[in-house]
Amino acid sequence: MKRFEKADTIRQYLHTFRTESTIGFVPTMGALHEGHLALIETARRENDVVVSSIFVNPVQFNNPDDLARYPRTLEEDCQKLEAAGCDVVFAPSVDEMYPTPPTLHLNFGSLETVMEGAFRPGHFNGVGIVVAKLFNIVQPDRAYFGQKDLQQVGVIRQLIRDLSFPVELIRCPIIRETDGLAMSSRNRNLTAAEREQAPALFQALTLAHDCLLDEQSVTQTKAVVTDFFNEKPEFRLEYIDIVNANTLQPTDYVLAPGQTAICLAAHLGKVRLIDNLVF
Ligand code: PAF
């Protein structure tokens with residue numbers, strides 16, 4: 001596996017492949033888990049060359065403690081990427097990506113006003129800026145993103161459309177632990193006791209799903225989930241929303257199959273967890 005730290009060098013290296021080969025790209029912030037490796041494996045099956053990036057992007061963190069606590073495990077990550085079939089990794093420094101702090105501001109309209117956008121002001125601006133830069137550096141044919149960050153998938157879809165990036169966006173399923181907890185780099189920051197409690201997020205999603213299938217209203221369903229967390233004082237529920245899985249806008253009704261998403265975010269100790277269920 002080739003490893004690059006400089007944008008110009010990786011761009012030049014990939015140039016030789018561009019005419020004859022397809023490039024699949026998996027952007028990450030490292031601290032890789034099975035969810036990331038599943039993205040690499042899908043990219044491996046669908047492309048000639050697989051590129052991944054590891055960059056903890058300061059511009060997308062609205063909370064400095066969250067940025068400081070974000071796990072950094074570069075050497076271990078590179079070994080995992082190589083074993084999963086990645087050909088090229090780009091692991092730039094902050095100075096390489098941002099020689100000067102970006103002043104550009106991306107506005108994702110209604111996508112910014114709900115859920116993650118509402119609770120993490122500036123987050124999607126930072127995601128959009130770094131993904132646009134990475135797309136310009138790597139110039140992939142396909143880019144792979146996990147459904148766990150469903151709203152991020154919507155933001156990238158809009159970025160690709162609004163800025164005419166010639167990139168096909170591939171949304172890949174959430175990978176869960178056997179007890180239902182969605183895999184996330186932040187799970188490493190849970191204490192042993194919190195790790196035992198964390199599957200409650202998936203239980204809450206399942207509960208909401210059952211309520212909706214049982215024809216309870218969206219309001220009733222949200223109240224059931226709120227009560228569920230009220231009985232678990234170790235959690236602080238931030239939001240539970242039932243939305244259109246593509247536009248991320250709230251819906252009062254269950255939509256066509258595959259179009260409704262139940263999304264939630266909750267704090268457990270110092271860790272903020274998100275999860276969703278699309279049905
Ligand atoms: O999902 C992530 O890990 C990050 O938001 C991404 C897409 C790599 C941008 O920093």
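For ligands, and for the atoms within them, numbers begin at 1 and follow the listed sequence. The chain is numbered in sequence order, starting from 1.
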Path from L106 to F119 over hydrophobic side-chain contacts below 4.5 Å:
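Same cluster: L106 reaches F119 through Ile, Leu, Val, Met, Phe, Trp or Tyr contacts under 4.5 Å.
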
Taking a hydrophobic cluster as the set of Ile, Leu, Val, Met, Phe, Trp and Tyr residues connected by side-chain heavy atoms closer than 4.5 Å, whether directly or through intermediates, do V49 and F4 fall within one such cluster?
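Per the 4.5 Å side-chain linkage, V49 and F4 are co-clustered.
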
Report each N/O pair between ligand 1 and the protein that falls under 3.5 Å, naming both atoms.
unit_1: ligand 1; atom_1: 1 (O); unit_2: Q152; atom_2: NE2; d: 2.8
unit_1: ligand 1; atom_1: 5 (O); unit_2: Q60; atom_2: NE2; d: 3.0
unit_1: ligand 1; atom_1: 5 (O); unit_2: Q152; atom_2: OE1; d: 2.7
unit_1: ligand 1; atom_1: 10 (O); unit_2: Q60; atom_2: OE1; d: 2.6

Cut-off 3.5 Å, side chains only: do R195 and N187 have a donor facing an acceptor?
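No, no side-chain donor-acceptor contact under 3.5 Å.
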
With rounding to the nearest 0.5 Å, note down the distance linking CG in L32 to SG in C78.
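With rounding to 0.5 Å, CG (L32) is 8.5 Å from SG (C78).
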
So does L201 get a backbone contact from the side chain of D275, meaning a donor-acceptor N/O pair under 3.5 Å?
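Checking the backbone N and O of L201 against the side chain of D275, no donor-acceptor pair under 3.5 Å is found.
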
Test ring-ring contact (aromatic ring centres under 6.0 Å, His included) applied to H209 and F279, step by step
CA-CA 8 Å; H209 185 224; F279 68 102; 4.6 Å; yes

